[in-house]
Amino acid sequence: EAGIRARQAQREALQQLAKLPSVTKDGHAIRLYANLAGTDDLPLLQQSGAEGVGLLRSEFLYLGRSSCPTEDELFASYKQLVQAMDGREIIIRTLDIGADKKADYFALPPEDNPALGLRAIRQTQLCAILRASAFGNVGVMFPMVTGPAELAQLKAALRDAEDTLCARGERFGRYQTGVMIETPAAVFMSRELAREVDFFSIGTNDLTQYLLAMDRQNPALAPFCDPHHPAVLRAIEETVRNAHLEGCRVGICGELAADE
């Protein structure tokens, strides 16, 4: 009971800070963004004082149903979220399905190690995201990228989505593109990737898992899956340095982002 009271007092104290500028002790301003799982999180977002959304987990519209959502269903939800942001940035991660997030109607083949398995981009979703970009400040973020060749395919898929919308007479707005840095390959290729996108988001949970070869879903390995491991910190340092050399901004996502 004492622990519950202490956590409640901490939450109340943090709430008092929600509307203050996010500035480090040595004067660096930081944009503090929220992660969203869907429209149900909007009330919490408004209370949090977040300056934007750094990660919309777009798979929320795909899970817990028996068939794939239509483009119009996706668009309606994205539009609601984008408009609720009222001009603040919202970064939508393209569908990261597989591993610990299952949707049976995709009929993905069984995999011995789904964390290292098939994760993909869906054209229907790209069209819906681009349509929503006409209503606010949208970023499109690709997960699990390993290098420039893969990124070129993803950007080609975006251009195809633009062509599809143009052919239908649908409009879309200006949007930014980014990638998640969550594979060791992406760290090593970060300078080249930074030349091709507007932003990075370092996915510290998966990056830690893949750098240390530790399954983060396995409780027995929790003491060893350490985001403060020097290899993880060096990977972050290298990614940020390479990104800034190419004028690419960097966000940090995952458990480490909330670790003072």
Side-chain angles (χ1 to χ4, degrees), residues 35 54-59 91-101 106 108-123 125-126 129 139-160 176-218 221-222 224-257 259:
N35 286 0
L55 171 62
L56 171 65
R57 302 179 190 281
S58 66
E59 55 273 10
I91 295 173
I92 303 175
R93 181 179 67 185
T94 57
L95 183 62
D96 186 8
I97 214 82
D100 57 329
K101 298 181 284 287
F106 275 121
L108 295 175
E111 295 175 305
D112 290 338
N113 193 337
L116 302 177
L118 187 64
R119 326 272 271 261
I121 306 301
R122 273 79 185 179
Q123 195 73 19
Q125 185 187 36
L126 294 182
I129 294 172
V140 182
M141 181 164 66
F142 298 115
M144 305 305 292
V145 171
T146 61
E150 206 169 70
L151 179 59
Q153 290 181 291
L154 299 173
K155 293 177 81 172
L158 267 178
R159 289 194 295 273
D160 287 345
Q176 294 200 315
T177 56
V179 294
M180 294 206 75
I181 304 293
E182 48 193 344
T183 67
V187 174
F188 286 118
M189 303 303 294
S190 53
R191 180 94 187 250
E192 289 84 352
L193 287 168
R195 295 178 186 135
E196 303 297 329
V197 294
D198 302 297
F199 64 89
F200 285 165
S201 180
I202 302 176
T204 57
N205 295 350
D206 270 334
L207 182 60
T208 300
Q209 169 176 253
Y210 296 132
L211 276 172
L212 302 183
M214 297 286 176
D215 180 0
R216 65 186 177 92
Q217 303 293 330
N218 185 341
L221 295 176
F224 307 103
C225 200
D226 177 16
H228 298 104
H229 190 289
V232 178
L233 300 181
R234 286 182 190 177
I236 293 171
E237 180 185 33
E238 180 172 343
T239 299
V240 172
R241 182 173 61 246
N242 285 337
H244 288 176
L245 285 170
E246 300 296 337
C248 175
R249 63 190 170 93
V250 186
I252 187 163
C253 184
E255 297 291 331
L256 198 57
D259 187 331

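Source: prediction; values computed, not measured. The first residue of the sequence shown is numbered 1, and numbering continues consecutively from there.
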Distance (rounded to the nearest 0.5 Å) between [X] [atom1] and [Y] [atom2]:
| X | Y | atom1 | atom2 | answer |
| --- | --- | --- | --- | --- |
| Leu211 | Asp226 | CG | CG | 12.0 Å |
| Phe188 | Ile181 | CZ | CD1 | 12.5 Å |
| Met189 | Asn242 | CE | CG | 10.5 Å |
| Thr204 | Asp206 | OG1 | CG | 9.0 Å |
| Ile202 | Ile252 | CD1 | CD1 | 5.5 Å |
| Leu55 | Arg93 | CG | CZ | 4.5 Å |

>> The criterion is side chain to side chain donor-acceptor pair (under 3.5 Å); which residues satisfy it with Arg191, sequence neighbours excluded?
In response: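 With neighbours one apart ignored, the set is Glu246.
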
>> Which residues pass the side chain to side chain donor-acceptor pair (under 3.5 Å) test with Thr239, not counting sequence neighbours?
In response: none

Exercise: identify the closest heavy-atom pair between [X] and [Y]:
| X | Y | answer |
| --- | --- | --- |
| Glu182 | Gly203 | CB-O, 3.8 Å |
| Gly54 | Asn35 | C-OD1, 4.5 Å |
| Ala243 | Ala194 | CA-CB, 3.8 Å |

Between [Y] and [X], is there a side-chain heavy-atom distance shorter than 4.5 Å?
| X | Y | result |
| --- | --- | --- |
| Phe199 | Val250 | no |
| Tyr210 | Met144 | yes |
| Leu256 | His228 | yes |

> Partners of Ile129 by side chain to side chain contact (heavy atoms under 4.5 Å, CB included), sequence neighbours excluded?
Replying inline: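 Here the qualifying residues are Tyr78, Ile92, Thr94, Gln125, Val138, Val140.
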
>> Run the side chain to side chain contact (heavy atoms under 4.5 Å, CB included) test against Thr208 and tell me which residues pass, sequence neighbours left out.
In response: Leu212, Cys225, Pro227, Val232

> Is the side chain of Asp198 donor-acceptor paired with the backbone N or O of Gly178 at a distance under 3.5 Å, no angle test?
Replying inline: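 Looks like no, no N/O pair under 3.5 Å.
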
> Taking only residues two or more places apart in sequence or in another chain, which ones pass salt bridge (Lys or Arg N to Asp or Glu O under 4.0 Å) with Arg234?
Replying inline: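 Listed in chain order: nothing, the list is empty.
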
> Is there any salt bridge (Lys or Arg N to Asp or Glu O under 4.0 Å) pair reaching into residues 146-158, and which pairs are they, with sequence neighbours excluded?
Replying inline: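 The answer is Lys155-Glu196.
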
